[in-house]
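First comes the structure, then the notes that go with it.
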Amino acid sequence: MAFICYSFRCDNKPYSLQPNSLQPKIPMTIDETLTYDFAAIETKWQSEWQNKATFKVSEDQSLPKYYLLEMFPYPSGRIHMGHVRNYTIGDVIARYKRMKGFNVLHPMGWDAFGLPAENAAIKHNTHPAKWTLENIAYMKNQLRRMGFSYDWDREVATCNSDYYRWEQQFFIDLYNKGLVYRKMTTVNWCEPCQTVLANEQVIEGACWRCDHKVMPREMNGWFFKITDYADELLAELDNMPGWPDKVLTMQRHWIGKSVGASIDFAIENSSKRLPIFTTRPDTIFGATFMSIAPEHPLLDELCRGTAQEEQVRTFVEETRNAKQRANYEDVLDKAGVFTGSYCLNPFTNERLPIYAANFVLMEYGTGAVMAVPAHDQRDYEFACKYGLAIKPVIQPESGELPSNAAYEGPGALIDSAEFSGIDNEAAKKAITAKAAAKGFGKAQTTFRLRDWGISRQRYWGAPIPMLTCEACGIQPVASADLPVLLPTDVQFDQSGKSPLHTMESFFSTTCPRCGGRARRETDTMDTFVESSWYYARYTSPRFQGGMVDMAAANYWLPVDQYIGGVEHAILHLLYSRFFTKAMRDVGYLTIDEPFTNLLTQGMVIKDGTKMSKSKGNVVDPDTLVKQYGADTVRLFGLFAAPPERDLEWNDQGVEGSSRFLSKLYRFVAANSSNKQTEATPETTLDGESRLLQRKTHQTIQKFSTDIENNFHFNTCISSVMELMNVLTTQDQAHPSVVRFAIDTVIKLLYPMVPHICAELWRMTGHSESLDTMAWPAFDPEAAKEDELTIVIQICGKVRSRLQVPVGTSEEQLKEMALADERVEKYLGQGPIRKIIVVKDKLVNIVV
RNA sequence: GCGAGAGUGGUGAAAUUGGUAGACGCACUGGACUUAGGAUCCAGCCCACGUGAGUGGUUGGGGGUUCGACUCCCCCCUCUCGCACCA
């Protein structure tokens, strides 16, 4: 093939061809036709994709479907490198799956409700809707500029009433099913955000959004009964091989199932009973006292009139203050106080003093714990501090009981009446059974998971479709009255308090049941409610008959591949799983789980830490795209690290990617006259032609394997770089082989860098669209090596190498190895003990 | 404290079932072409010794299994993430 050489000079005069070996193999140019003008190319193809609606999809029963989804962004103003990485990974998969013959759903939308909009509105004296919509317009343009292949016809913005009205309907559906309830309880309050947070939104004791310490507060709020699904949410995790173990583990832990028993202890001189939950009913004969939470509702009654009453009240007050002061990491020293009352162990009738203890949590179990200091470390420490009895009832199989700690391991029961001698696991069942038979206990499973509190005291969210009638009490809004529109004519004050709370035109309404005066709920829903079902809405985003059109949902769902940050391992991913199950039970969906495969991509970091404005290490995608083009930015993000790992941003690395694309462009452009040649390789080839042909097929194989194997795009790209290195140096190869190699490179790289590939595809004379091209297949025969390098080891150390034809027998290899000069040199001393031959790999001679 | 994951050149990272450690990049060094080079091309590039051929060492540290270990087992160190007295 001929190489055209131009110099890259300001005067633009080509220099003459030089015959020496230093002659550039790749032409350099600023000639208009050969310059990689990424800006023009990218704009051109983006317009074409948009004008031709290339990525618009519909339900086509004749094709296998593939639903690819990336976590939709919050329209904060501009996209950041994390978005770019997330969406690039997704786009590669979407384009790749299309080439593999799938009908690919690849939608995009906006998680558009939320606090930043409201705060920005207060600060700039504008409206959250305006701020949000402007951000969406800007960011959408940024995404277009990246060349992502979305079906924009399915775009969804959750702040649109067309979206949230169905969420309100669903809220009512859940209310009617008893899966929504209202209660007064201690909630997590974030003062700067002026709102309540769900447990999942409290990270290390602080607000997930503003990082401010969360304080307890007594409040009324609406709850989703996610705990009704705790068992299913947990059990299904065992059946989700497409999710990373890390996420499965985190969810298991969060749901936190404990199997045990609840047992009622009678209170002395009272008709009331004190129920406890324990995972160790086998140790009940070792209970020597009772611990209850300072917030326990019976505490007041237990201490009233006793000598200890004053002390108890002081203790409760002090504990509350200490908890408020404490930091997340602090474990308070165990402390407690005798209440003055006793309860009775139902198995022994022993009197157990009841203590209020600061380490007992009211939110878990029953808020009361039977204390077995011999077999629980916390109780042990407490007993030591207050001089309470320690009574061992489990004997370890071997060895003695520890003298200065609780023994929490297995063993046989001792001093436990008729259960003595029984293995403790068997005793758990036997003791629970007896308690149940006698009517003072039962087997019980307790979860760590709490119900999801979704009331938010802010404005910019979906109104909760409930009201309180003066006569009928709490009522859902009538379906016919939906949506409950979020009013737009509102005035904000600097405090952040929601204008809805004082807006009579909004909250003043009538009861759908009796027509009397009623007050609307003025809290709005947690924005995580919107993101818990958007993936379902994308299947039929304009459907006016409900949340989803079931036919479309049945075709597309579940999501085949979901991609997003691991920070949502619990929050969003747990809520979405719950929503899918609840939607199924209401009758909107038929699936059990929303996301078959989950890819949690790593963070984009720079200088060792996550990019953030406060650290001043952010890289702006716009600047990069302007400087290098979208394809280069995409390529670098894919090449620098595998998707699940953190990506260290490196400006010089971006240069490298840019260089590679320029080189590719120049090379293909220089060879684009090679149009007439058939793109099929000839059957018998030799020399450089054979070498290039083999490398091409090997690259298809390697690339296809790596993309299927956890989307390891970084090694995919290196394999194409290797092919390019061969392609640009083997200038004696037959034009048809070169042509085939070039076509292959373009097809392989297309999902990653679609603009340049589309351009080169056309430049090389193809009339069909690359967007609908099939993924290249490789010929295993053509990929086969003729010769192999066999390593010769002596005692495991590499001493020599042999070039042999493929298929050389083990015997031959052995002979050749022993005949090798370099081997002889090493075999001077000692007899050969053994020779290990690994076919096509190595010969190891042990002396 | 409990749970999960990770430690490989100057650097980002590669290494089928245990079988040539460091592919592919970046940075760096030398050279070519140049008025110039931040473009492009050629070459070198794990460490130590040696002009060289070569020799020895090297995947956080220490042991083990094996003909052979980045890979498997045990102990230790460091880092990251999740959980936070869950009875």
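Only this structure's heavy atoms are used, side chains among them; waters, hydrogens and symmetry mates stay out. From a predicted model like this one, the values you see are computed outputs, not experimental measurements. Note on naming: letters A, B, ... go to the chains in the order of the sequence lines (proteins, then strands), and numbering restarts at 1 for each one.
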Q | Per-nucleotide pairing state of RNA chain B [Watson-Crick or G-U, under 3.5 Å; [ ] pseudoknot-crossing; | other strand] | A | (((((((..(((......[....))).(((((.......))))).((((....))))..(((((..]....))))))))))))....
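Base orientation of B/rG9: syn, since the glycosidic angle falls within 90° of 0.
Summarising the geometry, atom CG belonging to A/Asp820 is positioned 12.5 Å from atom CD1 belonging to A/Ile790; distances are rounded to the nearest 0.5 Å.
RNA chain B is contacted by both A/Met721 and A/Asp646; A/Asp646 maps to the nucleotide lying nearer its 5′ end (nearest heavy atom per residue). Two residues, A/Asn844 and A/Thr249, neighbour RNA chain B, and the one matched to the more 5' nucleotide by heavy-atom proximity is A/Thr249.
Nearest to the side chain of A/Asn714, among B/rC83, B/rC26, B/rA14, sits B/rA14. Side-chain atoms of A/Leu361 lie closest to B/rC86 of the nucleotides B/rC26, B/rC86, B/rU40. Closest to the A/Lys834 side chain, of the nucleotides B/rC67, B/rG19, B/rU20, is B/rC67. Proximity note for A/Ser258 (side chain, C-beta onward) versus B/rC85, B/rG19, B/rC86: the nearest is B/rC86. You'll find that the side chain of A/Lys334 is closest to B/rC85, out of B/rC85, B/rC41, B/rU20. Side chain of A/Arg378, nearest nucleotide from B/rA87, B/rU40, B/rA14: B/rA87. Set against B/rA14, B/rC41, B/rC81, the side chain of A/Lys663 has B/rC41 as its closest nucleotide. Listed nucleotides: B/rA14, B/rU20, B/rG25. Nearest to the side chain of A/Phe639: B/rG25. Minimum atom distance to the side chain of A/Lys246 is reached by B/rA4, of the listed B/rA4, B/rA87, B/rC67. Of the listed nucleotides (B/rC26, B/rG19, B/rG82), B/rG19 has the atom at the smallest distance from the side chain of A/Leu842.
Comparing B/rU20 with B/rA84, their P atoms sit 46 Å apart, to the nearest whole Å. Atom name P, nucleotides B/rC83 and B/rC28: the rounded distance is 42 Å, in whole Å. For the P atoms, the distance linking B/rU8 with B/rU59 amounts to 12 Å, nearest Å. Spacing of C1' atoms, B/rA14 relative to B/rG62, comes out at 27 Å, to the nearest Å. Taking atom P on both B/rG37 and B/rG30, the two are 13 Å apart, rounded to the nearest angstrom. Comparing B/rG12 with B/rG19, their P atoms sit 25 Å apart, to the nearest whole Å. Look at the P atom in both B/rU65 and B/rA4: the space between them is 28 Å, to the nearest Å. Here the separation of B/rC73 from B/rA53, taken at their C1' atoms, is 41 Å to the nearest Å.
When heavy atoms are screened at a 4.0 angstrom cut-off, A/Gly256 is found touching no nucleic acid atom at all. Among the protein residues, A/Val846 comes within range of the sugar-phosphate backbone only, with heavy atoms under 4.0 Å from sugar or phosphate atoms but none that close to a base. At the heavy-atom level, A/Val360 lies under 4.0 Å from base atoms of the strands shown. Residue-level contact check: A/Glu722 touches the backbone only, with heavy atoms under 4.0 Å from sugar-phosphate atoms and none from bases. Within the 4.0 angstrom heavy-atom criterion, no nucleotide atom of any strand lies near A/Arg833.
Salt-bridge annotation for A/Asp646 and A/Lys610: absent, with no side-chain N of the basic residue lying under 4.0 Å from a carboxylate O of the acidic one. The pair A/Glu785-A/Arg694 meets the salt-bridge criterion, with a side-chain N (NZ, NE, NH1 or NH2) lying under 4.0 Å from an Asp/Glu carboxylate O. Ionic pairing of A/Asp245 and A/Arg252 is not present here: no N-O contact between side-chain nitrogen and carboxylate oxygen is shorter than 4.0 angstrom.
Remark: P of B/rG25 and OH of A/Tyr628 are 18 Å apart, rounded to the nearest angstrom. Rounded to an integer number of Å, the gap from A/Arg666 CZ to B/rC41 C1' is 10 Å. The distance from atom CD1 of A/Ile203 to atom P of B/rG82 is 8 Å, rounded to the nearest whole Å. Rounding to whole angstrom units, CG of residue A/Asp376 and P of B/rC2 are separated by 16 Å. Rounded to whole angstrom, the span from the CZ atom of A/Phe660 across to the C1' atom of B/rA23 amounts to 15 Å. Atoms NZ (A/Lys702) and P (B/rC24) sit 12 Å apart, rounded to a whole Å. Here B/rA21 presents its P atom at 7 Å from CD of A/Gln793, a figure rounded to the nearest Å. With rounding to whole Å, A/Ile717 atom CD1 is found 18 Å from B/rG12 atom P.
In this structure, A/Asn725 reaches the B/rG25 phosphate: one of its side-chain N or O atoms is under 4.0 Å from OP1 or OP2. At B/rG57, one or more side-chain N or O atoms of A/Lys797 fall inside 4.0 Å of OP1 or OP2 (strictly under the cut-off). An OP1 or OP2 oxygen of B/rG3 is reached within less than 4.0 angstrom by no side-chain nitrogen or oxygen of A/Arg252. Proximity of A/Arg645 to the phosphate of B/rC81: no side-chain N or O atom is located under 4.0 Å from OP1 or OP2. When the side-chain nitrogen and oxygen atoms of A/Arg448 are compared with OP1 and OP2 of B/rC2, none of them lie within a distance under 4.0 Å.
No donor-acceptor pair under 3.5 Å is formed between the side chain of A/Thr744 and the backbone N or O of A/Thr696.
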Q.
Please determine whether side-chain hydrogen bond (donor to acceptor under 3.5 Å, both in side chains) holds for the pair A/Glu567 and A/Trp208, giving the CA-CA distance in whole Å, both sets of side-chain angles, and the decisive distance to 0.1 Å.
A. CA-CA 10 Å; A/Glu567 66 272 17; A/Trp208 69 287; over 6 Å; no
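Both the sub-6.0 Å distance and the 45° axial angle are not jointly satisfied by A/Lys334 relative to the ring of A/Phe382.
Between A/Lys814 and A/Ile835 the shortest heavy-atom distance is CG-CG2, 3.6 Å.
Ring geometry for A/Tyr386 against A/Tyr355 counts as tilted: the plane angle lies between 30° and 60°, on a 0 to 90° scale.
More than 12 heavy atoms of other residues, nucleotides or ligands lie within 6.0 Å of NZ in A/Lys385, so this atom counts as buried by the packing criterion.
Side-chain contact of A/Ser258 with A/Tyr364: a donor-acceptor pair under 3.5 Å is present, judged by distance alone.
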